[in-house]
Visitor: 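Following this message is one structure expressed as structure tokens.
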Amino acid sequence: MESEGAAELTQDSKNMALLLWVGAIFFGFIPPLILFLVKKDDAYVYDQSKEALNWSITAMIGYFAGAILAVILIGFFVMAAVGICHLIFCILGAVATSEGKPFRVPFALRLIK
């Protein structure tokens, strides 16, 4: 038996959440920020945009730290690791949201609550 929250989830909500995770791969925090500000009426899209935005901000902090550490050459490895994590977590988010499941990135800083 489905829960009441799952019954309200439309295909449009799943598609929007899928697009925001895919958009986060290519455009960083911009697609999650736009949907976070625009889709406050859709609880699922709002929740996933908040999660993608938190992860994008965390990834940007990682890239920034890597850029600073590039002076001592370890930063290039940090930026590569953050890039790989960003790609993997965005793909996992896209797969989970295409099935209508909520997705949480394990290492994301929860700056936006």
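Scope of the values below: all heavy atoms of this structure, side chains included, with no hydrogens, waters or symmetry mates.
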Visitor: CZ/R110 to CD1/I57 distance, rounded to the nearest 0.5 angstrom?
Guide: 11.5 Å
Visitor: Does some side-chain heavy atom of V95 sit less than 4.5 Å from a side-chain heavy atom of E99?
Guide: yes
Visitor: Would you give the length of the straight line joining atom CH2 of W21 to atom OG of S49, rounded to the nearest 0.5 angstrom?
Guide: 10.0 Å
Visitor: Locate the shortest heavy-atom distance separating P32 from F29; write the atom from each residue and the value.
Guide: CD-O, 3.4 Å
Visitor: Tell me whether F77 shares a hydrophobic cluster with V71, the cluster being built from Ile, Leu, Val, Met, Phe, Trp, Tyr side chains joined at under 4.5 Å.
Guide: no
Visitor: Determine the minimum heavy-atom distance between C90 and I25, stating which atoms define it.
Guide: CB-CG1, 3.2 Å
Visitor: Side chain to side chain contact (heavy atoms under 4.5 Å, CB included) for D12 and D42? Distances and angles first, verdict last.
Guide: CA-CA 10 Å; D12 187 46; D42 189 338; 5.6 Å; no
Visitor: For F89 and F107, which heavy atoms make the closest approach, and how far apart are they?
Guide: CZ-CD1, 3.6 Å
Visitor: According to a hydrophobic-cluster definition based on side-chain heavy atoms being under 4.5 Å apart (Ile, Leu, Val, Met, Phe, Trp, Tyr only), do V82 and I84 belong together?
Guide: no
Visitor: At what distance, to the nearest 0.5 angstrom, does CD1 of I112 lie from OG of S56?
Guide: 9.5 Å
Visitor: Before giving the answer on side chain to side chain contact (heavy atoms under 4.5 Å, CB included), spell out for Q48 and R104 the whole-Å C-alpha distance, their side-chain angles and the decisive distance to 0.1 Å.
Guide: CA-CA 8 Å; Q48 289 303 301; R104 294 285 172 257; 3.8 Å; yes
Visitor: Within a reach of under 6.0 Å around OH of Y63, are more than 12 heavy atoms found that belong to other residues, nucleotides or ligands?
Guide: yes
Visitor: When you group the ILVMFWY residues by side-chain heavy-atom contacts below 4.5 Å and let the links chain together, are I34 and L20 in the same group?
Guide: no
Visitor: What distance do L33 atom CG and L37 atom CG have between them, rounded to the nearest 0.5 Å?
Guide: 4.5 Å
Visitor: Testing D47, L53, V45 for side chain to side chain contact (heavy atoms under 4.5 Å, CB included) with F36, which one passes?
Guide: L53
Visitor: M79 and F27: same hydrophobic cluster, using ILVMFWY side-chain contacts below 4.5 Å?
Guide: no
Visitor: Counting distance only, does the side-chain N/O of H86 pair as donor-acceptor with the main-chain N or O of W55 below 3.5 Å?
Guide: no
Visitor: Within a reach of under 6.0 Å around CD1 of I74, are more than 12 heavy atoms found that belong to other residues, nucleotides or ligands?
Guide: no
Visitor: Using only atom types and a distance under 3.5 Å, with no angle test, would you say the side chain of T97 pairs donor to acceptor with the backbone of G93?
Guide: yes
Visitor: Any side-chain heavy atom of K14 sitting closer than 4.5 Å to one from S98?
Guide: no
Visitor: Where do L109 and N54 come nearest, in terms of heavy atoms and distance?
Guide: O-CB, 3.4 Å
Visitor: Looking only at heavy atoms, what is the nearest atom pair of Y44 and K101, with distance?
Guide: OH-O, 2.8 Å
Visitor: How close do Y46 and K39 get, heavy atom to heavy atom, and via which atoms?
Guide: CB-O, 3.6 Å
Visitor: Is V78 reachable from L87 through a run of I, L, V, M, F, W or Y residues, each pair having side-chain heavy atoms under 4.5 Å apart?
Guide: no
Visitor: Supply the atom-to-atom distance L35 CG to K50 NZ, rounded to the nearest 0.5 angstrom.
Guide: 14.0 Å
